[in-house]
Number of protein chains: 2
Amino acid sequence: MSEHDDRLPVWCAGKEWCPITATATLIGKKWHPVVIHRLLDGGPMGFNELKEDVGGISSKVLSDSLDDLEEKQLVNREIVSEKPVRVNYSLTDQGESLEPLIYEMRDWGMDHLVAAEDEEDAIA
Amino acid sequence: MSEHDDRLPVWCAGKEWCPITATATLIGKKWHPVVIHRLLDGGPMGFNELKEDVGGISSKVLSDSLDDLEEKQLVNREIVSEKPVRVNYSLTDQGESLEPLIYEMRDWGMDHLVAAEDEEDAIA
DNA sequence: CAGAATCCCAGTGGATACTG
DNA sequence: CAGTATCCACTGGGATTCTG
């Protein structure tokens, strides 16, 4: 542990290191949570399979996202075969550990936003 | 319920409406999670109090964030007095319902990123 | 199949200064 | 006290095209 322990309350604030901001920085980009969710739920898979599964994402953006997630140690990239090229994406242990968080996001959305959508439909 | 129910698995995909992306859209901006966390943990408070509490955020950005959170129905803005101007920010019920998610973010960060920080320190 | 290369744009977020 | 007003730099993400 570092010297900030006596200054920083457990919950943190933005002044120094903040676990919430840190977490948000890791998975806060547009497609990251969904990509992780697909890998959690669908197991290891290839690039185009993942692309299909995520849906609505371009190759470039998925590629960028995967690069970022790999750099952040949340996703493993494994070359399975050379000809034809076959790559397998899976979650690292760190990535897998996000399971409760990702599911919490999904469940919250289901519980609190579906209803809102329906209300809007009702109004419209 | 709408007609997509038979096409969309419970977990969703990006193709149509996705609860994960929807949730991320709500709280995915840089300071949103921290602001919500401060309000969860510190109760209703005024603008500058919140600014201090969050730490490292400018007036403009906090103002923008609060506008956005208010528009998204996660935060209440209540004018308490006119002279001097006194405003009170608090969470709506919808905002409060994010408690498990926000705490999950905090806890995950504490559990999985503090160690990483320490490793980096060790290497450096 | 799994991307890389380019181009481009809108949206954040930060700095600074000012106000009712 | 609680913001606004500017200005700006950055970058994330989308469309399109090309490649080993």
Side-chain angles (χ1 to χ4, degrees), chain A residues 13-16 18 20-22 24-36 38-39 42 44-72 74-90, chain B residues 13-15 18 20-22 24-36 38-39 42-72 74-90:
Chain A
K15 296 175 186 282
E16 306 198 11
C18 170
I20 297 187
T21 301
T25 301
L26 274 195
I27 62 166
K29 313 218 174 198
K30 179 164 183 182
W31 296 98
H32 286 196
V34 187
V35 168
I36 294 169
R38 296 325 310 127
L39 290 174
M45 56 182 106
F47 187 87
N48 283 324
E49 196 180 351
L50 187 51
K51 185 181 169 187
E52 263 308 292
D53 213 14
V54 168
I57 191 171
S58 72
S59 296
K60 187 261 200 177
V61 173
L62 177 56
S63 186
D64 288 352
S65 302
L66 287 169
D67 284 351
D68 193 42
L69 287 169
E70 194 187 355
E71 186 184 314
K72 285 165 174 168
L74 297 176
V75 162
N76 276 321
R77 185 171 173 279
E78 178 195 8
I79 297 172
V80 175
S81 81
E82 289 287 352
K83 245 188 303 195
V85 185
R86 181 80 208 169
V87 179
N88 219 32
Y89 290 97
S90 57
Chain B
K15 297 175 187 282
C18 171
I20 296 186
T21 302
T25 301
L26 274 195
I27 60 166
K29 314 220 173 195
K30 179 162 183 183
W31 295 97
H32 286 197
V34 188
V35 168
I36 293 170
R38 295 325 309 127
L39 290 174
M45 57 182 107
F47 187 88
N48 284 324
E49 197 181 350
L50 187 53
K51 185 180 169 190
E52 262 309 293
D53 214 16
V54 168
I57 191 172
S58 73
S59 296
K60 186 260 200 178
V61 173
L62 178 56
S63 187
D64 288 352
S65 303
L66 287 169
D67 284 351
D68 192 42
L69 287 169
E70 194 186 356
E71 185 184 314
K72 285 165 173 166
L74 297 176
V75 161
N76 276 320
R77 185 170 174 280
E78 179 195 7
I79 297 172
V80 175
S81 82
E82 288 286 354
K83 241 186 305 196
V85 185
R86 182 80 208 169
V87 178
N88 220 31
Y89 290 97
S90 58

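Letters go in sequence order (proteins before strands), and every chain restarts at 1.
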> Arg77(A) side chain N/O closer than 4.0 Å to the phosphate oxygens (OP1, OP2) of dG3(C)?
yes
> Whole Å only: how far is the CG atom of Leu50(A) from the C1' atom of dA2(C)?
12 Å
> Lys60(A) has a side chain; which of dC7(C), dG3(D), dA2(D) sits nearest to it?
dC7(C)
> To the nearest 0.5 Å, what is the distance between CZ (Arg38(B)) and CD (Glu52(B))?
12.0 Å
> Would you call Phe47(B) and Leu62(B) a side-chain contact if the rule is heavy atoms closer than 4.5 Å?
yes
> Nearest whole Å is fine: how far is dA4(C) P from Asp68(A) CG?
14 Å
> Test your reading of the model: is there a side-chain donor-acceptor pair from His32(B) to the backbone of Leu69(B), 3.5 Å cut-off?
no
> For residues Leu50(B) and Leu66(B), determine if any side-chain heavy atom of one lies less than 4.5 Å from a side-chain heavy atom of the other.
yes
> Would you kindly give the CG-to-P distance between Asp64(B) and dT16(C), to the nearest whole Å?
17 Å
> What's Ser63(A) touching, base or sugar-phosphate or nothing? Going by heavy atoms closer than 4.0 Å.
sugar-phosphate
> Is there a side-chain contact between Tyr89(A) and the phosphate of dC1(C), meaning an N or O under 4.0 Å from OP1 or OP2?
no
> Could you identify which residues of residues 79-88 of chain A place a heavy atom less than 4.0 Å from some atom of DNA chain C, listed by residue number, or say none?
Val85(A), Arg86(A), Val87(A)
> Find which nucleotide of DNA chain D each of Glu49(B) and Lys29(A) is nearest to by heavy atoms, and output the residue with the more 5' nucleotide.
Glu49(B)
> Is there a side-chain contact between Arg77(B) and Tyr89(B) in this structure, where contact means two heavy atoms from C-beta onward sitting under 4.5 Å apart?
yes
> Taking the axis from the first five pairs and the axis from the last five, what angle separates them in the helix from dC1(C)-dG20(D) to dG20(C)-dC1(D), rounded to 10 degrees?
60°
> Take the protein atom CD of Glu70(A) and the nucleotide atom P of dA2(C), then report the distance between them rounded to whole Å.
14 Å
> Starting from P on dG12(D), measure out to CD on Glu71(A) and report it in whole angstrom.
11 Å
> With distance as the sole test, does Lys72(B) use its side chain to make a donor-acceptor pair with the main-chain N or O of Ile27(B) at under 3.5 Å?
no
> Closest approach to the side chain of Trp31(A), judged atom by atom: which nucleotide of dT4(D), dA2(D), dG14(D) is it?
dG14(D)
